[in-house]
Amino acid sequence: MNSNHPMKSIIKINEPRHQQFLRELKLFRNLGDEELKLVKKCLTIIEVPKEGIVFERYSKEQVLYILRYGKLKLESIGNEVRVFEKGDF
């Protein structure tokens with residue numbers, strides 16, 4: 001977790017509902033149980049409040065974000081570029 005964003009909260013991925021969500025994604029759909037367990041070990045769920053910042057331009061983080069709930073608006077210098085919804089990455 002990036003310390004520049006103190007509004008984020010971390011949740012462990014250990015509930016069946018998280019595994020079911022991952023199985024619904026094209027990216028992970030064909031993985032077996034053992035493969036999915038390995039993927040889950042690399043994942044972290046973050047909750048970001050409305051109007052919170054997920055990442056900033058020129059961030060050096062190499063992260064894949066998968067939207068679980070709500071919508072995410074990508075903006076560049078105040079201009080909306082794209083809106084992401086559940087399952088987008």
Side-chain angles (χ1 to χ4, degrees):
M1 183 162 111
N2 186 336
S3 61
N4 293 332
H5 302 295
M7 299 295 288
K8 293 180 184 179
S9 59
I10 297 175
I11 300 172
K12 299 226 186 242
I13 300 178
N14 56 6
E15 296 181 26
R17 65 188 171 108
H18 299 299
Q19 184 164 334
Q20 181 60 35
F21 172 71
L22 292 175
R23 289 212 175 277
E24 292 170 4
L25 297 172
K26 279 185 186 181
L27 187 62
F28 304 119
R29 190 174 294 154
N30 296 320
L31 296 182
D33 290 340
E34 292 304 313
E35 293 166 316
L36 195 58
K37 282 182 186 177
L38 292 173
V39 169
K40 284 176 28 179
K41 288 181 182 180
C42 300
L43 299 177
T44 302
I45 295 177
I46 60 170
E47 290 185 339
V48 181
K50 187 173 183 171
E51 305 298 325
I53 296 173
V54 177
F55 63 92
E56 296 176 316
R57 189 175 187 178
Y58 304 118
S59 172
K60 293 182 181 182
E61 294 178 280
Q62 293 184 350
V63 179
L64 170 67
Y65 291 97
I66 303 171
L67 191 60
R68 174 74 168 111
Y69 298 108
K71 293 182 180 182
L72 176 91
K73 184 175 16 174
L74 179 64
E75 294 182 353
S76 179
I77 311 173
N79 297 316
E80 184 176 304
V81 176
R82 182 170 174 201
V83 175
F84 295 87
E85 297 189 29
K86 180 180 178 181
D88 288 342
F89 55 91

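Along the sequence shown, residues carry numbers from 1.
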Visitor: Can you name the nearest heavy-atom pair linking Leu67 to Tyr69, along with the distance?
Guide: CD1-O, 3.4 Å

Visitor: Kindly write out the residues that satisfy side-chain hydrogen bond (donor to acceptor under 3.5 Å, both in side chains) with Tyr58, not counting sequence neighbours, or none if the list is empty.
Guide: none

Visitor: Verify the cluster assignment for Val83 and Val48: are they in a single hydrophobic cluster under the rule of side-chain heavy atoms below 4.5 Å apart?
Guide: no

Visitor: Are Phe84 and Val81 co-members of a hydrophobic cluster defined by side-chain heavy atoms under 4.5 Å apart?
Guide: yes

Visitor: Quick one: list whatever passes side chain to side chain contact (heavy atoms under 4.5 Å, CB included) with Leu64, sequence neighbours left out.
Guide: Leu27, Ile66, Phe89

Visitor: If the condition is side chain to side chain contact (heavy atoms under 4.5 Å, CB included), which residues does Leu31 pass it with, not counting sequence neighbours?
Guide: Phe28, Glu35, Leu36, Val39

Visitor: Tell me the salt bridge (charged side-chain N to carboxylate O under 4.0 Å, His left out) pairs involving residues 22-33, sequence neighbours left out?
Guide: Arg23-Asp33

Visitor: Heavy atoms only: give me the nearest Lys86-Arg68 pair and the separation to one decimal.
Guide: CG-O, 3.4 Å

Visitor: Applying salt bridge (charged side-chain N to carboxylate O under 4.0 Å, His left out), can you list everything that pairs with Lys37, at least two apart in sequence or on another chain?
Guide: Glu34

